[in-house]
Amino acid sequence: MISKKKTMQMLDVIAAMYPDAECELLHDNPFELTIAVLMSAQCTDAAVNRVTRSLFRKYRTPEDYLAVPVEELMDDIRSIGLYRNKAKNIQALCKILIEQHGGDIPREHSELVKLPGVGRKTANVVVSVAFGVPALAVDTHVERVSKRLGICKWKDSVTQVEETLCSKVPRERWNKTHHQLIFFGRYHCLARNPKCHECPLLADCREGRKRKKVITDAE
Ligand code: SF4
C-alpha cells in the first residue's frame with residue numbers, strides 16, 4: 001500500500017484532471033437524489049437519468065409513489081436493472097418517510113441506512129451531496145481505482161477501502177475526492193480498457209505498469 005503522501009500526490013493529479021467533478025445523477029432535492037441513488041445500484045447514472053427525467057415529473061412526493069400499484073411503478077422504471085426489487089424498495093422507503101420522518105429524507109447516516117434499499121454507499125452519497133456532510137462513498141469506480149493505484153489493498157472489502165481512504169485523505173476533501181475518483185474511473189481508468197498509455201499516473205501505477213509490460217512483451 002502506498003503512503004499517505006503518495007496518495008495525496010496522486011489525488012492531486014486526478015483533481016487537476018477533473019476539478020469540476022460532481023454528482024451526475026439528475027435531482028432537484030434530497031428525496032429525488034435518494035431515489036436516484038437507490039436506482040443506480042448495478043446500473044449506470046446515464047440509464048438512471050433517462051428514467052428519472054419523466055419519473056420525477058410523475059412522482060414528486062412520497063405520497064405520489066404510494067398512490068399507484070407497485071406494478072405501475074415497476075413499469076415506469078422497467079429499463080433499470082433489478083426494477084422489481086427497486087420499485088418495492090421505493091414504495092417501502094416512501095412509507096417509512098411518511099410514517100417516521102414527516103415525509104422528508106433524514107439527514108443522519110444512521111437513519112438513512114435503516115431505509116429499504118439504502119446501504120452504506122447510498123447513505124454516504126446522500127449525506128455528502130444533499131447535505132454537504134463530509135463522507136467518502138465507495139462505489140465500483142472508487143474501489144477499482146483505489147486498488148489499482150495501490151492506495152488500498154486488492155483484498156480489502158468496500159468498508160476497508162472507505163476506511164483507508166478516509167484515513168489518508170483530509171476530511172475537507174472527502175466529498176470532492178469521491179466525485180473525482182468516480183470521474184477518473186468512469187472516463188479514464190475504465191474497468192476493461194483503462195487509458196494507461198495516456199495516463200499521468202502510469203509511472204507510479206502498479207496496475208498500469210503490469211498492463212504495459214503485457215502489451216510490450218506481446219509485441
Ligand atoms: Fe488506471 Fe492505467 Fe492510469 Fe493505472 S496507469 S491509473 S490502471 S489508467
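All of these numbers come straight from a predicted model, not from anything done at the bench. Counting convention: from 1, in listed order, for ligands and their atoms alike. What's counted below: heavy atoms across the whole structure, side chains too, no hydrogens, waters or symmetry copies.
Against a heavy-atom cut-off of under 4.0 Å, F184 is close to the following atoms of ligand 1: 6 (S). Per-residue contacts place L149 under 4.0 angstrom from the following atoms of ligand 1 (heavy atoms of the residue considered): 6 (S). Below 4.0 Å from some heavy atom of H188 lie the following atoms of ligand 1, by number and element: 8 (S).
The line from NZ of K4 to OG of S167 is 6.5 Å long, rounded to the nearest 0.5 Å.
We find that E111 and K114 are joined by a salt bridge, their nearest charged nitrogen and carboxylate oxygen being less than 4.0 Å apart. Between E162 and R120, at least one side-chain N (NZ, or NE/NH1/NH2) sits under 4.0 Å from a carboxylate O, which counts as a salt bridge.
Listed for the K121 side chain is no donor-acceptor partner under 3.5 Å among the backbone atoms of V138. Within the 3.5 Å criterion, the main-chain N or O of V129 finds no donor-acceptor partner in the side chain of N175.
Heavy atoms of V145 found under 4.0 angstrom from ligand 1: none, in either backbone or side chain.
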### Task
Begin from the C-alpha positions of D45 and R186 and carry the test salt bridge (charged side-chain N to carboxylate O under 4.0 Å, His left out) through to its verdict.
CA-CA 11 Å; D45 287 2; R186 186 176 285 158; 3.0 Å; yes
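Excluding water, every protein N/O/S atom under 2.8 Å from atom 2 (Fe) of ligand 1 is given here by residue and atom: C196 SG.
Sequence neighbours left out, the pairs with a member in residues 60-111 that pass ring-ring contact (aromatic ring centres under 6.0 Å, His included) are F31-Y65, Y59-Y65.
V125 and V158 fall into different hydrophobic clusters, where Ile, Leu, Val, Met, Phe, Trp and Tyr are joined by side-chain heavy atoms under 4.5 Å apart, directly or via other members.
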